[in-house]
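Each remark here refers to the structure printed beneath this line.
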Amino acid sequence: TTGQMTIADGTQGVDKVLTSDANGGASWQASQLVKATITYTNDGVVTLPSQPTGTGSTFGNVSITFPVNGTYALSWAVIGDYATNPTAVRAIDWFGVIIPGLVNHQESQIVGAYNCFSSGVRYVTITDAPKTVQVNYINTSPTAMTLRANSGKNYHEWFAYKVF
């Protein structure tokens, strides 16, 4: 009558899921979902200097801890706003998301734009867990770029779930 159904046999518990066998017999099992821990220092906000040669990178105030070995689906969506003179962005400029040894992704920047957006999904295999990695960025435009905060749905999101 309250809209909630309870199935209790003494094995239920936090983070357990109800599963069934081929005959419909149900049992509570530990969840197989493994999620990496994402840590945002300074809410993920960082100003990226211009690096026109595309060499070097800036730590991005985001770290990811993979708790166990396996293959993870790593997903991100990041927006950066140009600090000054956004019309200086050239057709050759790009914004890079780098996690050494795991991800090297570049997005072309739009000439004259006021911000740059990068998103992607990569499958990454971790064989030395627990492992913490630092996200790095490169901005090749002639003007600095400030990445938006994680809080307030400002489009600075990272997720990683173990899939294999």
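Position 1 is the first residue of the sequence; numbering continues from there. Fair warning: this is a prediction, and the values are worked out from it, not measured in the lab.
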For [X], enumerate each residue passing the side-chain contact (heavy atoms from CB on, under 4.5 Å) test, keeping only those at least two apart in sequence or located in another chain.
X      : result
Val45  : Asn42, Thr146, Ala149
Ala8   : Thr6, Gln12
Pro100 : Ile98, Asn136

With sequence neighbours left out, which residue pairs that include part of [range] fulfil the salt bridge (Lys or Arg N to Asp or Glu O under 4.0 Å) condition?
range          : result
residues 16-40 : none
residues 87-98 : Arg90-Asp93
residues 75-84 : Asp81-Arg148
residues 44-71 : none

Is [X] reaching over with its side chain to a backbone N or O of [Y], donor-acceptor style, under 3.5 angstrom?
X      : Y      : answer
Asn23  : Gly25  : no
Glu157 : Val78  : no
Lys162 : Phe164 : yes
Asn150 : Asp43  : no

Restricting to pairs with a member in residues 57-70, which pass side-chain hydrogen bond (donor to acceptor under 3.5 Å, both in side chains), not counting sequence neighbours? Thr65-Thr132
Between the side chains of Gln106 and Ser108, does any donor sit under 3.5 Å from an acceptor? no
Take Phe66 and Tyr72, measure what ring pair (Phe, Tyr, Trp, His ring centres under 6.0 Å) needs, and give me the verdict at the end. CA-CA 8 Å; Phe66 299 95; Tyr72 290 77; 4.8 Å; yes
So, using side-chain hydrogen bond (donor to acceptor under 3.5 Å, both in side chains) as the criterion, who are the partners of Thr55 when residues are at least two apart? Thr53
Running the 4.5 Å side-chain criterion over Ile, Leu, Val, Met, Phe, Trp and Tyr, what cluster does Val121 land in, apart from itself? none
Which class fits the ring pair Trp76 and Trp158: parallel under 30°, tilted 30 to 60°, perpendicular over 60°? parallel
Can you tell me how far the CG atom of Leu147 sits from the OG atom of Ser118, to the nearest 0.5 Å? 10.0 Å
Please tell me if the side chains of Val34 and Pro67 come closer than 4.5 Å, counting only heavy atoms from C-beta onward. yes
Ring pair (Phe, Tyr, Trp, His ring centres under 6.0 Å) partners of residues 17-38, not counting sequence neighbours, each pair once: none
Pairs where residues 120-149 contributes a residue and the test ring pair (Phe, Tyr, Trp, His ring centres under 6.0 Å) is met, not counting sequence neighbours: Phe95-Tyr137
